[in-house]
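First comes the structure, then the notes that go with it.
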Amino acid sequence: MQDTKKRRTTGQITLFDVAKYAGVGTMTVSRALRTPECVSEKLRKKIQLAIDALGYKPNIAASLLASASTNRFIAIVTTKICDHSAKLFLDTLQASLTQENYILLVIESYHYNQCEQQLLDALFSHNLAAIILFYIENDNLIEQIISHKTIPIMNIGKHTNSLNNLDIAMNDSQAMYLLTEHVIKKGYEQIGLLCANQEYQFFQQRLHGWHKAMLTHHLPNHRIINAAKPANFTTGSEMLADMILNWPELEVIMCTTDELACGVLYECQRRHIKVPYQLAVCGFGDNEFSQVSFPPLTTISLPSKQLGKQTAQMLLSQLTDNTLYSEPDLNTIIPIIKSRASLI
């Protein structure tokens, strides 16, 4: 039986052990694992027998570090990692980039607000092909990342003048304006807005869109509750009582998230309030559960998938300098109203 060398920290079989067992060099084993087409079939079988006999498990972290030199990593820095629209965006973006053999590294920036230097060190210690800033509110962080610009840096969300053609200013204000106007055109006049604790930028944009629509149509815009609580189902359920108590004349409650709106729906069922006949409800974001709530929730769908595809297209045009990736038409990225049974 051949001796094997264990890793001191984990006790796992190493690449050296496989090479020794197979009677080849470690580089040959590495090549057989990474690019098997470059190794003869006879040698591959010999190495595979050693792997099977020893139970070798590749070190994924080491493989990532080793392959970083090929410059195929794209980092995306975001505060919206748990947001439904962000998930759709990331899924679509990753699918598009994977086709070109790029790997997406997602960095959640919320916990780096007080230690920006750690985030910067993490970004610039890797051999990245590009960086995407997705809905970052911190102006100082944006400028610090851009000031280190030696690779393509793309900003989506808050507008900055530093990136020119790689800056996409997305505004939830337009989406909330369109949804509020849709409600008004349905004939509703006594409209309230329920907000809760969410990122300041998105809260301001959605509030602005609602105010603009109400003022444009000469309707009162004072019926607002902004709860200092998470924008979730529980808060929506709890805040319904306050909305009704303050404004019993309400015909419809609009919410800045689908979670809040579904919380309102649940509480309406508990109180035997008939939706939409006694009180209509609208959400924001078109989460999956909004389609199966009772009744199905009227909301607005953000163009996250289109944005993901076009972001990949713009970035690949910078990385490859290939005319195959033409400049996308950003005017096609528009929100879509999902009118359902919670509004008549």
Side-chain angles (χ1 to χ4, degrees), residues 78-89 110 135 137 157-158 170-184 188 190-216 219-244 246-247 250-268 275-276 279-291 293 296-304 335-340 342-343:
T78 179
T79 57
K80 292 185 70 178
I81 196 168
C82 295
D83 184 88
H84 173 70
S85 60
K87 183 180 183 300
L88 293 176
F89 169 80
Y110 179 79
Y135 282 93
E137 294 187 34
K158 193 171 186 178
M170 300 300 295
N171 196 334
D172 285 4
S173 177
Q174 178 197 16
M176 182 58 88
Y177 178 86
L178 292 174
L179 183 60
T180 307
E181 190 171 59
H182 173 74
V183 171
I184 294 170
Y188 294 97
Q190 311 303 323
I191 305 170
L193 181 67
L194 177 58
C195 315
N197 187 21
Q198 61 188 125
E199 292 177 55
Y200 181 75
Q201 178 184 351
F202 308 120
F203 165 71
Q204 285 293 323
Q205 289 179 359
R206 294 173 192 182
L207 182 63
H208 176 266
W210 186 81
H211 273 299
K212 182 180 177 181
M214 297 293 284
L215 292 173
T216 298
L219 294 175
N221 61 350
H222 64 282
R223 302 182 182 94
I224 300 175
I225 286 182
N226 183 20
K229 298 179 179 181
N232 56 26
F233 298 94
T234 302
T235 301
S237 176
E238 292 174 349
M239 291 298 104
L240 175 63
D242 289 347
M243 295 290 291
I244 295 175
N246 282 283
W247 305 290
L250 277 176
E251 298 172 332
V252 56
I253 294 178
M254 298 188 65
C255 303
T256 54
T257 71
D258 282 347
E259 289 84 354
L260 285 171
C262 281
V264 170
L265 286 179
Y266 299 152
E267 185 63 14
C268 284
V275 177
L279 181 68
V281 182
C282 289
F284 189 103
D286 194 28
N287 281 267
E288 184 178 3
F289 54 77
S290 66
Q291 303 174 43
S293 61
L297 182 65
T298 293
T299 181
I300 190 159
S301 175
L302 300 175
S304 303
I336 300 173
I337 294 171
K338 303 290 186 177
S339 189
R340 300 187 181 117
S342 68
L343 186 81

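This is a predicted model, so every value here is computed, not measured. Numbers here are sequence positions counted from 1.
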| request: Enter the distance from Ser304:OG to Lys87:NZ here, rounded to the nearest 0.5 Å. | output: 11.0 Å

| query | Looking at Asn197 and Ala228, what are the two nearest heavy atoms and their distance? | reply | CB-C, 4.3 Å

| request: Measure the spacing between NZ of Lys229 and OG1 of Thr234 and express it to the nearest 0.5 Å. | output: 9.0 Å

| note | Taken to the nearest 0.5 Å, the spacing of Leu179 CG from Ile336 CD1 works out to 13.0 Å

| Other residues, nucleotides, ligands: >12 heavy atoms within 6.0 Å of His211 NE2 | yes

| query | So, for Ala196 and Thr235, which heavy atoms are closest and what is the spacing to 0.1 Å? | reply | CB-CG2, 4.1 Å

| Full working for side-chain contact (heavy atoms from CB on, under 4.5 Å) between Glu251 and Leu279 | CA-CA 5 Å; Glu251 298 172 332; Leu279 181 68; 5.9 Å; no

| message | Looking at Asp286, is its backbone amide N or carbonyl O close enough to the side chain of Thr299 to form a donor-acceptor pair, meaning the two atoms are under 3.5 Å apart? | response | yes

| query | Can you name the nearest heavy-atom pair linking Gln205 to Asp172, along with the distance? | reply | OE1-N, 2.8 Å

| remark: For Asn246 and Asp242, the nearest pair of non-hydrogen atoms, with its separation, is ND2-O, 2.7 Å

| message | Has Arg206 got a side-chain atom pairing as donor or acceptor with Thr256's backbone, closer than 3.5 angstrom? | response | yes

| field | Non-hydrogen side-chain atoms of Thr78 and Phe89 separated by less than 4.5 Å | value | no

| request: If a pair satisfies salt bridge (charged side-chain N to carboxylate O under 4.0 Å, His left out) and one of its residues is in residues 219-228, list it, with sequence neighbours excluded. | output: Arg223-Glu249

| Nearest 0.5 Å, what's the OG-NZ distance between Ser173 and Lys212? | 6.5 Å

| How far apart are the closest heavy atoms of Tyr188 and Ala280, and which atoms are they? | OH-CB, 3.6 Å

| task | First locate atom CG of Leu219, then atom CD of Gln190, and finally report the distance between them rounded to the nearest 0.5 Å. | result | 8.0 Å

| field | Under the side-chain contact (heavy atoms from CB on, under 4.5 Å) test, residues paired with Ala261 that sit two or more places apart | value | Cys255, Val281, Leu297

| query | Is there a donor-acceptor pair under 3.5 Å between the side chain of Ser237 and the backbone N or O of Val264? | reply | no

| task | If the plane angle is over 60° it's perpendicular, under 30° parallel, otherwise tilted; pick one for Trp247 and His222. | result | perpendicular

| Pairs where residues 258-268 contributes a residue and the test salt bridge (charged side-chain N to carboxylate O under 4.0 Å, His left out) is met, not counting sequence neighbours | Glu267-Arg270, Glu267-Arg271

| note | Here the gap from His182 atom NE2 to Lys338 atom NZ, rounded to the nearest 0.5 Å, amounts to 12.0 Å

| Does the side chain of Ser293 come under 3.5 Å of the side chain of Arg340 through a donor N or O and an acceptor N or O? | no

| said: Can you give me the closest heavy-atom contact between Leu260 and Cys195, atom names plus distance? | reply: CD1-C, 4.0 Å

